Student: 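To start, I am sharing the structure in question, which I have written as structure tokens.
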Amino acid sequence: MWWQDAVIYQIYPRSFQDSDADGVGDLSGIEQRLDHLAWLGVDALWLSPIYPSPMYDFGYDISDYKDVDPAFGSLEDFDRLVAAARNRGLRVLLDLVPCHTSTEHPWFREHPDWYIWSDAPNNWSSAFGGPAWSKLDGRYYLHSFYPEQADLDWRNPELVAAMQDALRFWIERGTAGYRVDAIDRLLKDPQLRDDPPAGEPFGLPLRQDEAKLALTNSRNAPDTGAALAKIREAVGDALLVGEVYLPSARWQPYLEHLDAAFAFELLHAPWDAERLRAAIAATTRRPGAAWVLSNHDFGRLVTRFGPENARAAALLLLTLPGPAFLYQGDEIGLGDGPRCERVYDRAGRDRYRHPMQWDGSPSGGFTTGSAWLPPVDPEATNVEAQRDDPRSTLSLVRDLLALRRILGDGFELIDADPGVLAYRRGEHTIAINTSRQSQRAPLSRDVVLETAPGAVRDRTLAAHAGVITRSDEGVGQA
Ligand code: GLC
């Protein structure tokens, strides 16, 4: 299976490369930049939604599942992109948003019975806060996210058939798989009963009001597997990676039909060796983790973990066993953007979505027009300046991508002093110091890669640093 140890690069199409000077990235722009991805050494690219959309949730509110939004280009542009990617050995994945459509999708008018309605709201809340119900013509429709995103009824066979048709449409055009959006929200209690008061802790961060409830009816219904089987039926053996917002102990029904699920326990773990270790231990108890530390919803490595830890965070992401998702910009250590006067995303996620920075010009090489969100710091952080600098973050990420292919089989967490996360892959030992002091670390003889020059000295690992060492004889004799 090609994806088993693949690195999948997340492109936020609006912000990757503009080719027509309208300040918004597009498919032709992505095509122009494919050489960067091939040079970097990733296996595939995942495009956040490119479908027609009124953009209340920037493409996660789809108004046509079988076309490309004019802002991003055309179906022909998509076909060209897939072919150009294939020529470079890169696969293209799309974002599947099965839980809801835009309220501007013709289905919402023409097939109201494909959606979920109630005469009165229950206590379910939307992911962005507030009730998950909005009134329309005397009834309430369900929206697990923005009111502009109406939830679909996956127990309706006509809807399922329409969705399968859309899935096949892209597979036939050469799509290698899907990242499946918000899949734990696909099926809810058919009787629309209230969520009962919370019992056991949920296991992942929730809003305060959500945490008071056991989220057993508003999501993750027992027959979810039946709907997932329909998705699998339509895509054949294409890769399906689920955005399952559940702790890994509850992945099993999803992994019967999907190939992998995002490891949210790790994504939410603070940069602390003990906590990272616990999250990794829980998640690797069973197969199926897809690793992710940053994306368009949560912000970038540099900002999430601090600039001093970002290189070690990249090392962690790229040396765990299983597919890893790398968010555009993390390869150059791009940070989150400032809050701008103009707000596009009401949920406050604009700052994770500023344009990619290709060179040191004022636009960062992203556009010759006026960028929809300004670049963050192109002079300081850009691809061109880092490409030939062996000490740059870009060089580190590229080295990691090459190294990961030879890390070796197996995965084992190993004991280490407080502040140090350590694990073994084949003959390689990986150690990361999350603390502010240098620490003794389990190291093997040969240093293969350090996140900072001279990070390893006399069996100790510098503060904030990570290292890969190798030995045929095992750990401890550095
Ligand atoms: C997922 C997406 C997020 C979107 C939401 C609703 O969580 O990653 O960006 O807002 O689903 O589709």
Side-chain angles (χ1 to χ4, degrees), residues 8-16 25 46-65 69 72 93-105 108 115-116 124-130 132 134 141-152 154 163 166 178-188 202 204-207 210 215 218-220 231 240-246 254 258 260-264 267-268 290-300 304 325-328 336 343-354 373:
I8 298 165
Y9 185 95
Q10 180 188 359
I11 291 184
Y12 197 70
R14 239 185 135 68
S15 300
F16 194 61
W46 150 40
L47 310 181
S48 280
I50 57 168
Y51 320 100
S53 162
M55 304 283 171
Y56 288 102
D57 194 9
F58 287 98
Y60 287 95
D61 48 329
I62 297 172
S63 56
D64 180 353
Y65 281 86
D69 192 278
F72 298 135
L93 307 182
L94 288 178
D95 211 310
L96 166 61
V97 188
C99 172
H100 43 258
T101 71
S102 162
T103 49
E104 291 178 29
H105 195 301
F108 195 53
Y115 295 80
I116 300 176
W124 300 355
S125 62
S126 124
F128 301 127
S134 286
Y141 66 91
L142 179 66
H143 50 83
S144 294
F145 293 86
Y146 287 129
E148 292 85 357
Q149 293 164 297
D151 279 30
L152 289 162
W154 272 79
M163 219 31 127
Y178 291 95
R179 173 263 192 189
V180 193
D181 187 69
I183 194 69
D184 50 292
R185 305 262 190 160
L186 193 63
L187 283 184
K188 303 95 181 162
F202 184 68
L204 291 174
L206 293 173
R207 277 198 326 269
E210 282 180 317
L215 304 169
S218 56
R219 64 194 71 182
N220 195 26
I231 294 178
L240 293 175
V241 182
E243 189 198 21
V244 184
Y245 199 70
L246 290 170
Y254 292 85
L258 309 178
F262 286 125
F264 278 107
L267 180 105
H268 285 298
W291 305 104
V292 57
L293 289 178
S294 57
N295 64 27
H296 64 294
D297 294 328
F298 293 101
R300 299 171 187 282
R304 295 197 64 221
F325 282 68
L326 179 68
Y327 185 37
Q328 71 178 47
D336 292 350
V343 172
Y344 290 90
D345 179 54
R346 283 127 71 199
R349 295 168 295 180
D350 291 344
R351 58 191 195 278
Y352 319 140
R353 301 172 178 182
H354 285 254
L373 277 177

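Quick caveat: nothing in here was measured; it's all calculated off a predicted structure. No hydrogens, no waters, no symmetry mates; every other heavy atom, side chains included, goes into these values. Both ligands and their constituent atoms are indexed starting at 1 by order of listing.
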Student: In ligand 1, which numbered atoms sit nearer than 4.0 Å to a non-hydrogen atom of Arg349?
Tutor: 3 (C), 4 (C), 9 (O), 10 (O)
Student: With heavy atoms of His100 as the reference, note each atom of ligand 1 found under 4.0 Å away.
Tutor: 6 (C), 12 (O)
Student: Can you tell which part of Arg185 has a heavy atom less than 4.0 Å from ligand 1: side chain, backbone, both or neither?
Tutor: neither
Student: When you check the side-chain N and O atoms of Tyr254 and Asp184, is any donor under 3.5 Å from an acceptor?
Tutor: no
Student: Inspect the contact between Glu148 and Arg346 and indicate whether a charged nitrogen and a carboxylate oxygen are less than 4.0 angstrom apart.
Tutor: yes
Student: Could you check whether any side-chain N or O of Asp151 sits under 3.5 Å from a backbone N or O of Ser144, counting only pairs where one atom can act as donor and the other as acceptor?
Tutor: yes
Student: Non-hydrogen atoms of Arg179 versus ligand 1: any pair closer than 4.0 Å?
Tutor: yes
Student: Of all the atoms in ligand 1, which lie at a distance below 4.0 Å from a heavy atom belonging to Asp57?
Tutor: 4 (C), 5 (C), 6 (C), 10 (O), 12 (O)
Student: With the side chain counted from C-beta on, respond yes when Asp69 and Met55 share a heavy-atom pair under 4.5 Å apart, and no when they do not.
Tutor: yes
Student: Between Arg179 (side chain) and Gly242 (backbone), is there a donor-acceptor pair under 3.5 Å?
Tutor: no
Student: Counting each atom of ligand 1 from 1 as listed, which ones have a heavy atom of Gln149 under 4.0 Å away?
Tutor: 6 (C), 12 (O)
Student: Does ligand 1 have any atom sitting under 4.0 Å from a heavy atom of Phe128?
Tutor: yes
Student: Using a 4.5 Å cut-off on heavy atoms from C-beta on, say whether the side chain of Tyr115 contacts that of His105.
Tutor: yes
Student: Show which atoms of ligand 1 fall inside a sub-4.0 Å distance from at least one heavy-atom site of His296.
Tutor: 2 (C), 3 (C), 8 (O), 9 (O)
Student: What verdict does the side chain to side chain contact (heavy atoms under 4.5 Å, CB included) test give for Gln328 and Ser48, after you've listed the backbone C-alpha separation in whole Å, the side-chain angles of each residue and the deciding distance to 0.1 Å?
Tutor: CA-CA 11 Å; Gln328 71 178 47; Ser48 280; over 6 Å; no
Student: For Asp350 and Asp345, indicate whether the former's side chain and the latter's backbone hold a donor-acceptor pair under 3.5 Å.
Tutor: yes
Student: Look at atom 7 (O) of ligand 1 and say which protein heavy atom is nearest, naming residue and atom and giving the distance to 0.1 Å.
Tutor: Glu243 OE2, 2.8 Å
Student: For atom 11 (O) of ligand 1, grab the closest protein heavy atom and report residue, atom and distance to one decimal in Å.
Tutor: Asp181 OD1, 2.8 Å
Student: Starting from atom 8 (O) of ligand 1, which protein heavy atom do you reach first, and at what distance in Å?
Tutor: Asp297 OD2, 2.5 Å
